[in-house]
Protein chains: 2
Amino acid sequence: MSTMLEVAKKAGVSKATVSRVLSGKGYVSEETKRQVYQAIEETGYRPNLLARNLASNTSQCIGLVVTNTLYNGNYFSEILTQAAKKLEDKGRQLILMDGKHSAQEEREAIQFLLDLQCDAIIIYPRFLTTDEMDDIIEQHKQPIMVVNRKLRKHQSHCICCDHKGASFNAARYLIQRGHRDIAFITGSMDSPTAIERLSGYKDALRASDIALQDGLIVPGKWTPASGFSAVEALLNKKISYSAILASNDDMAIGAMKKLNEAGIQIPEKISVIGFDDIPTAPYLTPSLSSVKDPVSEMMGEVINRLIFMLDGGYLSRDNIFTSDLRLRNSVGDGPFK
Amino acid sequence: MSTMLEVAKKAGVSKATVSRVLSGKGYVSEETKRQVYQAIEETGYRPNLLARNLASNTSQCIGLVVTNTLYNGNYFSEILTQAAKKLEDKGRQLILMDGKHSAQEEREAIQFLLDLQCDAIIIYPRFLTTDEMDDIIEQHKQPIMVVNRKLRKHQSHCICCDHKGASFNAARYLIQRGHRDIAFITGSMDSPTAIERLSGYKDALRASDIALQDGLIVPGKWTPASGFSAVEALLNKKISYSAILASNDDMAIGAMKKLNEAGIQIPEKISVIGFDDIPTAPYLTPSLSSVKDPVSEMMGEVINRLIFMLDGGYLSRDNIFTSDLRLRNSVGDGPFK
DNA sequence: TTGTACGCGTTATCAT
DNA sequence: ATGATAACGCGTACAA
């Protein structure tokens, strides 16, 4: 690979001049400019971004940390799509780093991006605690935004959904339709999101003076297979219920499959808390309803805040951005219409 | 950020010694080692990877180029998951770069990764021609692998599926089951994959002396919505058929939705060429069958070859890796059982 | 076992 | 308008 120096020699100028031509900063005569461009052409010169970034102390790159256990599924791809598109508008590059499967590895992924001198970082955490992320934000000068967790100290550095409220609303909706025995399939309980959704369900029952039945709450792991098993477990228990609330679309799909196989009527039997962003969801079945997760809106806000900080702005401490999950009108005309 | 020099000063040694401690190369007394580590601790020193990579001329990073139009969907996330996991085993980092929506932007993404001094590159192309990729491989010393395209010159630098053969088999299967009027929903026709699948379908009909009916071939765009529209178009044409072959799962799901709404019996009416990797697919409906796309197998081979080259190996020119798409036994007991 | 000095390919600050 | 030259932070022969 030819370097700037070779270009300079061939053009009969100094490195500095070549640099000026490339950056567009400073004065260069049209004539030398031409010669430099020609030399670049002839040598097939390409700037070494490592050297450039090292010298300029900026990389135009923004890092995103996500566990690879979340790589599967439409929700993840939606996050990525949105992040990429918004950043594209801002002329910056996105670097995805694998958070793997532990807090330690999530830490390392963040460190790696920082060591790479990324200008800013987006964390979609799976294992890190909010306190630790507060610390991380404090310890680094680079702008950092956290998605889907509510931080205590740096509230303006995170973006979240009101999972609890959404779950509450969904459950209340079913209650209003006359259901009293509502089964609930949880997500992986090591995930704050799963906890919030369960808690919203419980609150809704309490608010309507309906007694909680432990037997109606069955564990899931976000996957269709676990939704399938959850219903199986319910059937084995021989507990009766007139509706099911699943903590995401995938589990709801698995649940419906099992109900189908068991010959149970589905309409009004099952409802879903999930993501509007699964493009296939509206096509799956008339009885599948979802709660809209505004990923696009959220990622847009994340990027905006990062860019704002990169431009030298400071976020106020208490400007938290919470986005409501809303019941959507499913194409399938589900119970949530 | 503190630098290596500050650590050296604090430890009362030279930069070189600190470097030796960190790299583990060369002799350092236990005593100085201790002091260096302590100094690192006290200063909170972190190595600057830009500087390190610049000096050592290697980054331990492998770049992956994918258009963001493919970011949605399970197929993409599966590719990413597999790539990340295999690389994790090899102790290397994956950098994802957006190929955006044109050949030019795909070129730029590749260049960016090369300029970043990535050790190797994986291209999952959408717009680039095979000839151009052959050129790119030739022009760069970095190992480059292409997924899902058959290259002419560097056959061992690409990995592909036999889409045509798979489509042929699926159509033949339906024919063997007695179907003669088989509708076909294409993918986006600017995609080689879509063309191959269509061509496999046509060949199968020809092989059984069944006349091609243009009216039975309807255009799709890979999305559920386009599958839905495709069936709508078929209905409007009032053409009769006893089976549908869709070029992927998503479109098949959309197609089934439309058939459902139209009150048409589904069993044996619809079949799918799609991806085993959609985790929800087996849960969707009993009549949905798929062709297995061995993403895992393919990405494993890609990474293996890259690592082989990085270790100084040379790939023979004609060692092409083609992986069969296989009909799978759907959980749903579809026609492909 | 440790230190010196140079190179990596840029950018940036001065003079000129 | 252009050219030296010093950073940038680290790796690495080579010398000590």
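Excluded from the calculations below are hydrogen atoms, water molecules and symmetry mates; all remaining heavy atoms, backbone and side chain alike, are included. Order of the sequence lines sets the chain letters (A, B, ...), proteins ahead of strands, with each chain counted from 1. From a predicted model like this one, the values you see are computed outputs, not experimental measurements.
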- prompt: Atom CE of B:Met4 and atom C1' of D:dG9: how far apart are they, to the nearest Å?
  reply: 9 Å
- prompt: Can a side chain N or O of A:Ser14 be found less than 4.0 Å away from OP1 or OP2 on D:dA4?
  reply: no
- prompt: So does B:Tyr27 get a side-chain nitrogen or oxygen closer than 4.0 Å to the phosphate oxygens (OP1/OP2) of C:dG3?
  reply: no
- prompt: Looking at the side chain of B:Asn48, which of C:dT1, D:dC10, C:dC8 is the nearest nucleotide?
  reply: D:dC10
message: Of the listed nucleotides (C:dG3, C:dG7, C:dG9), which one gets closest to any side-chain atom of B:Val13?
response: C:dG3
field: Value in whole Å for how far the C1' atom of D:dC10 lies from OH of B:Tyr45
entry: 7 Å
D:dG9 base / B:Arg46 side chain donor-acceptor hit below 3.5 Å: no
- line: Atom CD of B:Gln117 and atom P of D:dC10 are separated, to the nearest Å, by 18 Å
- request: Could you tell me whether A:Arg34 and A:Glu31 make a salt bridge, using a distance below 4.0 angstrom between a side-chain N and a carboxylate O?
  value: yes
field: For atom CG of B:Leu54 and atom P of C:dT11, their distance in whole Å
entry: 12 Å
- prompt: Counting just side-chain N and O atoms, does B:Thr17 come under 4.0 Å of either OP1 or OP2 of C:dG3?
  reply: yes
query: For the pair made of NZ in B:Lys9 and P in C:dT2, what is the distance, rounded to whole Å?
result: 20 Å
task: Between C:dG9, C:dT4, D:dG11, spot the one nearest the side chain of B:Ala55, thanks.
output: D:dG11
field: Among C:dA12, D:dG9, D:dG11, the nucleotide that comes nearest once only the side chain of B:Arg52 is considered
entry: D:dG11
- line: The answer to which of B:Arg20 and A:Glu30 contacts DNA chain D further toward the 5' end, by nearest nucleotide, is A:Glu30
message: Under the criterion side-chain hydrogen bond (donor to acceptor under 3.5 Å, both in side chains), I'd like the reasoning laid out for B:Ser188 against B:Ser191: C-alpha separation, chi angles, the key distance, then a yes or no.
response: CA-CA 6 Å; B:Ser188 299; B:Ser191 132; over 6 Å; no
- prompt: With respect to the side chain of B:Pro47, which nucleotide from C:dG3, D:dG9, D:dC10 is positioned closest?
  reply: D:dC10
message: What I want to check is whether the side chains of B:His101 and A:Glu88 have a donor and an acceptor closer together than 3.5 Å.
response: yes
task: May I have the distance from A:Gln60 (atom CD) to C:dT10 (atom P), rounded to whole angstrom?
output: 17 Å
- request: In sequence, state the C-alpha distance, the side-chain angles, and the governing distance for B:Thr67 and B:Asp98, and then conclude on side-chain hydrogen bond (donor to acceptor under 3.5 Å, both in side chains).
  value: CA-CA 5 Å; B:Thr67 315; B:Asp98 191 352; over 6 Å; no
message: As a quick check of understanding, evaluate side-chain contact (heavy atoms from CB on, under 4.5 Å) for B:Arg149 and B:Cys158, giving each step before the final call.
response: CA-CA 7 Å; B:Arg149 289 285 187 282; B:Cys158 63; 5.7 Å; no
message: With a 4.0 Å cutoff (strictly under), does any side-chain N or O of B:Ser19 reach OP1 or OP2 of D:dG11?
response: yes
Polar side-chain contact A:Lys15-C:dT10 base: donor and acceptor under 3.5 Å: yes
field: Separation of C:dT10 P from A:Asn53 CG (nearest whole Å)
entry: 11 Å
- request: Check the pair A:Asn48 / A:Thr3 against side-chain hydrogen bond (donor to acceptor under 3.5 Å, both in side chains), numbers first and verdict last.
  value: CA-CA 8 Å; A:Asn48 181 325; A:Thr3 77; over 6 Å; no
message: Under 4.0 Å from OP1 or OP2 of C:dT2: is there any side-chain N or O of B:Ser29 that close?
response: yes
message: Assuming nearest nucleotide by heavy-atom distance, tell me which of B:Ala51 and B:Thr32 is located more 5' along DNA chain C.
response: B:Thr32
